[in-house]
**Student:** 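For reference, the structure I am asking about is given below.
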Amino acid sequence: MTMGRAPCAPFCGLPMATTLLRASTSDNSICIHSVGSPSNMLSFLRNHREGVTALALSPNSTCLASGSLDHSVKLYKFPGLLTWPKTRVDSTHCAIPSPAAVSTNRNRNGVDLLEMPIETIFAHSLAKQACGRTCFFILLKCQIAKQFDLQNLPISGFAVSVGSIHIAIRAVAFNKSGTILAAAGDDEGIKLVNTIDGTIARVLKGHKGSVTSLSFDPKSEYLASLDSDGTVIYWELQSGSTVHVLKAISPKNGGDMSALNILAWSPDGEMLAVPGLKNDVYMATSGLDKQILIWDVDKKQDIERQKFSECISGMAWKPHGNALAVIDFMGKYGVWESAVPLTMKSPTENIPGLHSKNGNGFVLFDEEEEPAVSGNLSDFHEDSHGEFEPPSRKRLRKHSNYDDDWEEDCNDELESIPKVESRKKASYGHKGNLNGKSGSRNMIVTAGSKMQEAFQPGATPAQPGKRHFLCYNMLGSITTMEHDGYSHIEIDFHDTSSGPRVPAMTDYFGFTMASLNENGSVFANPCKGEKNMSTLMYRPFSSWANNSEWSMRFEGEEVRAIALGNAWVAAVTSLNFLRIFSEGGLQRYILSLDGPVVTAAGYKDELAVVTHSSPSLPTDEQMLEFRVFNIAHGTQPLRGRLPLTPGSCLTWLGFSEEGHLSSFDSKGVLRVFTSQYGGSWLPLFSASKLKKPDENYWVAGLSASKLFCIVCKSPESFPQSTPKPVLTLLDLSFLLLVLTWVQRSIEERAASGHDTTSLDDEAFNLETSLDRCILRLIASCCNGDKLVRASELVKLLSLEKSVRGAIKLVTALKLPNLAERFSSILEEKLLSETSGNTVLPVRKSNSKKSEGIVPSPAHTLPSTSSASKRDDEEPCKDRDGNSKQGQSTTLGKATDVKTAVKLKADQVHSLGETKAVKVDQRHFSRPSNPFAKSASNQESSSLFDSLKKMKKGDMKDK
Amino acid sequence: MAGASEPQASAFSAAELEFLAEDEMIEIVPNLRMDQLNFISGDFGPFRPQIATQVPLWLAVALKKRGKCTIRAPEWMSVDKLAQVLEAERDSEKFQHLPFHYVEISRLLFDHAREDIPDIYMVRSLIEDIKDVRFHKIGTGLEIISRERTYALRLKNLSAMEANIVRPFVTRALETFFKLSSSEMIQESDHIPNRQPQATNRGPRRQLKDR
């Protein structure tokens, strides 16, 4: 039986190698896979409340133990090895442990006894004692080692507590018979503990740093230990004396305990791998270069290699076959079939000891993780001239006469250059063969990354003892902190002056999801066992009736994502139901979604739901699908695929202030949905473009031109709730957006007279700044002799004056040819404008303009007015002066990405002495960029402001 | 003493200096939504909750008093920065660079935004220490005026409050020296009160501190 350990992923293979077990500290589930098809998950075990840190199988594979951050150990009855593949059909049932066993364990020993998170579990059997009793040995985080006996478990719980060793334990090992336990940690002494009575038999002193790995030789005569300084010491157990000290033989890893070096003896006691992976005849090593190399131990040359996309954190040989199970730092795993070329000797040949060893199940985990030794390590294979010997990949032989072998080993290192040649020769020799069976050899099955779990946008992961966000949006935040079994929830609004004051609330349900808007908040918790059902609770902030908060319990299903909008609450459950409730708690609709939900977001009447549409592609791309529902009308205006950067997951979904659906992925790309090209996503922001590698952006929201996010210093990817994070504004890819949207037909929007002035002013400013950019581009195009592109750019200019400027520019640059072309473009534009239907975004309102006068805001007012009429309801609201309300209604209406600028000519009349009114016969829609709207959103400009603007307009008029 | 320079003429009171310092800009995080404020001194805002913006100190304090914002302590007011400055101040003869109104700004923030400054006690004692060290330096530095004929002083990085304290003494001392040293000026001095001795280009210029 083998077992690999990784900081993020305990990993465990069954002896017969028919099953792979996988778990991760970030996840509370244990996945059971069949080796034949690793992507095919046979079953899930979800009994832990927090991430699983350790997995161990009993040597006879009947029992599985898992340890978790939740301080508990769960034991599972595992189906008999031989029956396992046969009962695959109903394997889900087999794999589920009998609940009795779990609950017994939990009740008796779980939370109370284990006061620390569990770091590692070792399984060993006391072979010499009667009939292979199985013990699990638990290493609690840094402190205490405990042992419990499987047979005795129901009776006595932890049978033996191995003398409390009050140091941080970094490594433990059993000897073959299971009678001696060696434990070592941060102090120098290695303690040999007699497992039968739990006394400390001997303390071996000699290490300077903390010991990271221990290993007995198979005959239990020697013990090898490795410390964090890289020193390896061999101890003779009888006398307790050091036989050999090897200084700095392994890379130092300082205090970095996440990257352990682990040593292991070869099963026959002949060799010690420091660190590495050994299969008697072959040895597999991995390094920072993301490759796995298979070495022929006798010939000392590598015979096979495989490049992976991530650093390998653990691997394990299939004990009875030619395959290597591999897991990387990202939690991707797979089985490398035929790792050793088929032409070579099978790795399982001639190993008489293997079966017996399996029988007694000594934990032979051979694994290595290299700490970053040097930067050039990672690409050492690219330069084939020379130092390909990885510094940490030392192979040591241990014979009766050590010295010979140490020399040999040193030679080994020194000879690295000649070795390259020998390796090459060897590979030439095999070439024919390799080609012959390359088909079968490269059967690497990568069972891609997991499909991401459901999340709430704006939530941060729970941290013990700290307050974390359940929901953070542009309006406010909901934070929670667990304390004594119940949580304390606080709702804060960013705008303390206008937001309602909500009293803190005590939460007995343990809510993990929440959503917040102006009117209320909604909470939900996942189900935890039979007693604690999944609950949905809605809390309005103000209501005309008392006691208008309500909650809903879900039987047999679990809430996965929730969203909140204008007088509706939506919950997506584990049965893929989308349940929509009214404000009062009435269930209005139930829809069935076609995939497991990822997240949901609400905005006014709109609900966006993202679901998985299929398992991830092998190229590490998730297949997500989004739908937007309009709850008020009962329609589904949008539906489609949700694009993601390959290898990333969705981290935020929401609507911009204007109501555009937006998504943010873990690679830092923000996408906004537009109706352009029949509905597509525009990438508007990319964190990688900002060239600030030490910052992570945690999105809170966005407006038309800005992204609101919280900047987190690099290792952290999410903010803490205290101190209150401050939002940072980041620019969206502005020009790109404007350029693509400029040519679009513009929907009209009503605005009151005052708003029109400011809005138009703003739009004009934007246009001029845009034109300035384009002019600069034209200049560089001309300099770069890209004349066709320059003429295309001229067509994008929106102001007539800028076109004339461009003509002047090219004349100055002595390009008469281009100048001619430009003036023809200008003429064309003017013509098309006077004819009334504008295709091109240039305005010409009257004859004065042709003399190159800058169009004043007053002039542009009528010229931008539109013939298209709209129901009068909306402008009325706007004119009410309640700008906020007006804003919200218009926002609600502007459902698609088209942003609108609508100016009503008749309202311009009301402005009074604007003389340009006479031009208003010629209506045409002026293409303006959608960001003009952002100006209108911040409207309700002060009286002084508008007065100023009016004056300015008048003056310009004259 | 020349009768023309009365002792209080050139010195501001601390309150006046504080008033002047209130025009310095500082970053606040408002918790209200408000439009841009258009003042004669400039436009500030718009204010959006949880989004930092720059405003003059007086506005920040006014908003803070109403509980409408949190003030973000300026960068130089962190413990790290101040400890660094204090150390450098002790080691070197020169005056370290600090904001011109650092005394007043820190005072205002300590008075009105105690809870917004991280490690306030530490920051406060550090600033006190820095102030003491600098005043001591000025005091010892002024001794050299008397040693030789001095017509002007150059003090780089001196802050407003410090300059204000030494100003009456230094100007009058220099004036006196000037009068004493130039015999021909003695008669005229009664008629022409020379308030700016450094303007006359007589004698070697001396610096108080070597910069």
**Student:** Taking side chain as C-beta onward, heavy atoms only, is A:V726 less than 4.5 Å from B:R72?
**Tutor:**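 Yes, side chains in contact.
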**Student:** Atom CG in A:D495, atom CE in B:M34: separation rounded to 0.5 Å?
**Tutor:** 10.5 Å
**Student:** Counting only heavy atoms from other residues, nucleotides and ligands, does the tally under 6.0 Å from CE of B:M122 exceed 12?
**Tutor:** no
**Student:** If you draw a 6.0 Å radius around CD in B:E16, do more than 12 non-hydrogen atoms from other residues or ligands fall strictly inside?
**Tutor:**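 Atom CD in B:E16 is crowded, with more than 12 foreign heavy atoms closer than 6.0 Å.
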**Student:** Crowded around B:E115 CD? As in, over 12 foreign heavy atoms under 6.0 Å?
**Tutor:** yes
**Student:** Quick one: CD on B:Q50 to CZ on A:F493, what's the gap to the nearest 0.5 Å?
**Tutor:** 13.0 Å
**Student:** Considering only heavy atoms and a distance below 4.5 Å, find which of A:T728, A:L727, A:L729 pairs most often with chain B.
**Tutor:** A:L727
**Student:** Flag yes if more than 12 heavy atoms outside B:F39 fall under 6.0 Å of its CZ atom; otherwise flag no.
**Tutor:**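 Buried by this count: over 12 neighbours within 6.0 Å.
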**Student:** Got a second to check how far A:M474's CE is from B:I51's CD1, nearest 0.5 Å?
**Tutor:** 4.5 Å
**Student:** So what's closer than 4.5 Å to chain B heavy atoms on A:P725: side chain, backbone, both or neither?
**Tutor:** backbone
**Student:** Would you say A:F708 and B:R48 make side-chain contact, with heavy atoms under 4.5 Å?
**Tutor:**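 Result yes, sub-4.5 Å side-chain heavy-atom pair found.
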**Student:** Quick one: are B:L32 and A:T496 in side-chain contact, heavy atoms under 4.5 Å?
**Tutor:**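 B:L32 vs A:T496: side chains apart.
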